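Worksheet: the structure to be examined is printed underneath.
Because the structure is a prediction, the values reported are computed rather than measured.
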Amino acid sequence: MGIAMQDVVQLNIMEEANVITGHNHLQDTMVEWVSVMEVPVENFVRKHEFVLTTGIGCADDPALFEKFVQDVIHSGASALTISTGRHILDVPERVVELAEASNFILIDIPWKVRFSDVIQEVIDAINRENEWERLKAEELRQQLTDCVLSGGSLKDILALLHQNIKIPVAISDQRQIVRANYEFDTEVIDVLNGHANGEIQKLDKPEVPLDEHPLYHHLDQYYVNDKTCYELSIFSNDKKQGYLLFEPEKPEDLSWLTMNALEHGLTACALYFLTENAIETTEIRLKDNFILDLAKEKQELTTKILSKGELLGYDLAKSYACIVGDFRTIDLEEHENDRSMQSSLHSLNYYVQKEITHASQQLNRKTMSTFDDGEVIIFIETDDFAYQENVNHFLDMVERRLHDQLTNLDFAWGVGFHRGDGNVFYESYQQARTALDIHTRQYGFGERTFFEETRVNRLLLMLTKDNQVVNHAQEILKPLVEYDQKRKTDLIQTFMTYQKYKGNVSQTARALNLHRQSLLYRLRNIEKLTKLSLVDADDSFLLEFSVRLWMLNQFKD
């Protein structure tokens with residue numbers, strides 16, 4: 001804020017003034033205030049102040065007057081005007097030399113010119129300039145706001161900003177991707193964003209012409225390959241959205257008017273990102289609701305639904321397999337009742353979604369995904385008769401990259417694929433949901449289960465609707481369950497491993513990492529507790545049937 005000394009010396013009241021030194025600095029020296037000062041100066045003069053003096057008290061002491069002028073120069077004042085003809089008859093030569101050596105503007109004015117008139121005209125000129133700058137800044141603010149509200153882009157915002165400040169500007173988002181550039185050096189921004197090699201030095205304190213503007217305290221200044229640029233962070237909703245970068249030729253270009261314009265530009269960028277985020281959030285919500293409706297509502301694929309999917313970027317005419325995934329981390333379990341669980345889950349969802357997107361791009365397969373009550377639902381484009389291979393390849397890629405980024409992470413996946421017409425998405429989801437439920441009941445986390453692999457368990461679940469069947473199985477298995485719980489053994493797992501290897505003792509012992517005699521002891525104990533013979537086919541079937549029901553959580557309690 002202020003006016004140039006060139007404008008000051010051209011005021012009517014300064015018509016009889018004589019510029020003694022500093023002629024070449026009149027245009028680039030700014031004046032923000034005017035004051036009358038006599039000895040001593042001390043700290044009563046601030047930077048960019050136009051100082052008037054009569055020299056009273058120095059008339060008979062040239063050395064004192066020289067010291068007075070020296071102090072004014074060191075204070076950062078814009079210029080010194082000396083009223084000559086009374087206390088100071090002529091400006092001493094040594095004072096003139098001092099001013100010339102310091103590139104300082106020194107002026108003399110006749111004694112008859114009243115300081116009050118000078119002060120009034122200078123302050124009026126400063127106020128007119130400040131009012132003009134205020135109106136210009138307000139006009140720019142309105143233009144930028146209208147630009148964002150009317151759907152303008154970041155490029156449009158920069159065009160308006162550059163038109164007003166004449167400084168190269170650019171906008172980079174929080175991912176350090178350049179979103180808009182107006183004459184900003186691309187080499188500098190590539191180095192800053194880590195996309196090219198180069199030397200970067202960040203200054204502890206930015207070089208600015210003024211300290212008063214509040215935006216100066218938020219500036220970051222960098223030297224990039226011997227070039228200078230400045231950076232302001234863009235915030236909205238207390239979240240950093242990106243950066244506004246600009247390249248003035250010299251620090252003096254960052255005037256009060258320029259900083260006001262940059263401040264309005266910063267606000268416009270924040271409003272733009274806020275609007276963009278709101279649009280993205282709305283789009284995500286629409287997609288989530290659409291996918292959830294596909295999965296959980298029985299509905300034919302009518303032309304209306306196909307068209308709605310197309311509007312959201314989905315081609316529902318393709319064949320899709322459904323994957324339902326549940327996941328857990330140690331951190332989430334430890335903070336089960338803590339507020340941090342929600343934020344941790346949100347963060348985990350972000351990583352999972354990112355890897356789903358990455359895998360689908362790498363495999364060139366369309367996906368539709370959403371989260372529901374901590375689970376992820378994925379529809380992945382697949383080939384009808386190779387869908388298991390397609391799904392396994394996809395999940396291998398997702399899990400591998402997730403395990404590289406997140407430790408102590410366990411997954412359980414259920415997969416379904418409904419061939420034919422009708423409610424294909426609903427049926428595929430129901431299959432995947434059933435496969436996941438059966439697997440987690442029986443084995444917990446850590447693997448994936450296809451619906452086709454659950455035929456035996458589905459049949460068992462149908463049989464458990466008969467209470468007599470459940471009670472009979474419970475009666476058979478109860479001694480074994482109680483023994484395992486009391487002795488902290490695992491006879492049930494021993495039996496199921498024995499069944500897996502079709503009664504082969506050697507293979508079972510190796511699988512359980514047991515000595516052969518230890519395994520035989522366990523098997524005899526199982527027979528004793530259940531009163532069933534493991535070499536009898538009927539007894540062995542009955543015991544396995546009871547164990548499978550127990551593993552399905554039908555009567556664990």
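With Glu38 contributing its side chain and Gly55 its backbone, the two residues share a donor-acceptor pair below 3.5 Å. The backbone N or O of Met37 lies less than 3.5 Å from a partner atom in the side chain of Thr53, making a donor-acceptor pair. The closest donor-acceptor contact from the side chain of Ser102 to the backbone of Ala99 lies at 3.5 Å or more, if one exists at all. The closest donor-acceptor contact from the side chain of Ser172 to the backbone of Tyr243 lies at 3.5 Å or more, if one exists at all. Judged purely by atom type and a 3.5 angstrom limit, Tyr216 has no side-chain atom pairing as donor or acceptor with the backbone of Pro206. Judged purely by atom type and a 3.5 angstrom limit, His195 uses its side chain to pair as donor or acceptor with the backbone of Gln176. Not a single donor-acceptor pair under 3.5 Å links the side chain of Asn197 to the backbone N or O of Val191. Asp293 places no side-chain N or O within 3.5 Å of a backbone atom of Glu297 that could act as its donor or acceptor partner.
In summary, Arg141 and Glu138 engage in a salt bridge, as defined by a charged side-chain N under 4.0 Å from a carboxylate O. The pair Asp185-Lys227 meets the salt-bridge criterion, since a charged nitrogen lies less than 4.0 angstrom from a carboxylate oxygen. At a threshold of 4.0 Å, the pair Lys67-Asp71 counts as salt-bridged, since one of the basic side-chain nitrogens sits closer than that to a carboxylate oxygen. The pair Asp288-Arg285 fails the salt-bridge criterion, with no side-chain N (NZ, NE, NH1 or NH2) lying under 4.0 Å from an Asp/Glu carboxylate O. Taking a cutoff of 4.0 Å between a charged side-chain nitrogen and a carboxylate oxygen, Arg134 and Glu131 qualify as a salt bridge.
A 6.0 Å sphere centred on CZ of Arg46 holds more than 12 heavy atoms belonging to other residues, nucleotides or ligands. Within 6.0 Å of atom CD1 in Ile56, 12 or fewer heavy atoms from other residues, nucleotides or ligands are found, so the atom counts as exposed in its surroundings. Heavy-atom neighbours of Lys354 NZ from other residues, nucleotides or ligands within 6.0 Å: above the threshold of 12. Atom CG of Asn127 is surrounded by more than 12 heavy atoms from other residues, nucleotides or ligands within 6.0 Å. Heavy atoms from other residues, nucleotides or ligands lying under 6.0 Å from NZ of Lys287 number more than 12. Applying the 6.0 Å contact sphere to NE2 of His162 captures more than 12 heavy atoms from other residues, nucleotides or ligands. Around CD of Glu280, the count of heavy atoms belonging to other residues, nucleotides or ligands within 6.0 Å exceeds 12.
Using a 30° and 60° split on the angle between ring planes, Phe425 and Tyr320 fall in the tilted class, from 30° to 60°.
Here the side chains of Ile356 and Val376 are in contact, with some heavy-atom distance below 4.5 Å. Using a 4.5 Å heavy-atom threshold, the side chains of Met5 and Val19 count as separate. With contacts defined as side-chain heavy-atom distances shorter than 4.5 Å, the pair Met14/Val122 does not qualify. The shortest distance between side-chain heavy atoms of Phe184 and Val178 does not fall below 4.5 Å. By the 4.5 Å heavy-atom criterion applied to side chains, Lys112 and Glu16 are counted as neighbours. Between Ile380 and Ser360 there is no side-chain heavy-atom pair separated by less than 4.5 Å. Side chains of Phe290 and Ile305 form a contact here, defined as non-hydrogen atoms less than 4.5 Å apart. Using a 4.5 Å heavy-atom cutoff, the side chains of Tyr429 and Leu294 are not in contact.
Contact between Gly22 and Ile105 at its shortest, heavy atoms only, is O-CG1, 3.6 Å. Nearest heavy atom pair, residue Glu276 against residue Arg179, reads OE2-NH2, 2.5 Å. Closest non-hydrogen pair, Ile377 versus Cys322, comes out as CG2-SG, 4.3 Å. Closest heavy-atom contact between Thr186 and Ile189: O-CG2, 3.2 Å. Contact record, Leu192 with Ile200: CA-CD1, 4.0 Å, taken as the closest heavy-atom pair. The shortest non-hydrogen separation linking Asn260 to Ala137 is CB-CB, 4.2 Å.
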Under the side chain to side chain contact (heavy atoms under 4.5 Å, CB included) criterion, do Glu252 and Asp28 qualify, and how do the steps go?
-> CA-CA 9 Å; Glu252 288 72 20; Asp28 56 11; over 6 Å; no
Would Ile126 and Val34 count as a side chain to side chain contact (heavy atoms under 4.5 Å, CB included) if you check the C-alpha gap in whole Å, the side-chain angles of each, and the deciding distance to 0.1 Å?
-> CA-CA 10 Å; Ile126 291 174; Val34 58; 5.6 Å; no
Apply side chain to side chain contact (heavy atoms under 4.5 Å, CB included) to Leu266 and Ile234, showing your working.
-> CA-CA 6 Å; Leu266 204 63; Ile234 303 170; 3.7 Å; yes
Please step through side chain to side chain contact (heavy atoms under 4.5 Å, CB included) for the pair Phe411 and Val398, ending with a clear verdict.
-> CA-CA 11 Å; Phe411 279 94; Val398 170; 5.6 Å; no
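The structure places CG of Asn103 at 8.5 Å from CG of Asn24, a figure rounded to the nearest 0.5 Å. Interatomic distance, Leu311 CG to Leu306 CG, rounded to the nearest 0.5 Å: 11.5 Å. Note that CG of Leu161 is 5.5 Å distant from CG of Leu262, once rounded to the nearest 0.5 Å. Of the inter-residue distances, the one linking Leu203 atom CG with Tyr230 atom OH reads 8.0 Å to the nearest 0.5 angstrom. Rounding to the nearest 0.5 angstrom, the gap separating the CD atom in Glu263 from the CG atom in Leu140 is 11.0 Å. Distance check: Ile171 CD1 to Leu232 CG gives 11.5 Å after rounding to the nearest 0.5 Å.
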Would you be so kind as to tabulate the donor-acceptor pairs closer than 3.5 Å made by side chains of residues 77-87, with sequence neighbours excluded?
| unit_1 | atom_1 | unit_2 | atom_2 | d |
| --- | --- | --- | --- | --- |
| Ser78 | OG | Met30 | O | 2.4 |

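Between the side chains of Thr228 and Gln221, no donor N or O sits under 3.5 Å from an acceptor N or O. In summary, the side chains of Trp413 and Glu399 do present a donor paired with an acceptor at a separation below 3.5 Å, with no hydrogens or angles considered. Side-chain atoms of Ser255 and Thr258 form a donor-acceptor pair, as typed in the model, at a separation below 3.5 Å. With hydrogens and angles left out, the side-chain atoms of Gln142 and Asp146 include a donor and acceptor closer than 3.5 Å.
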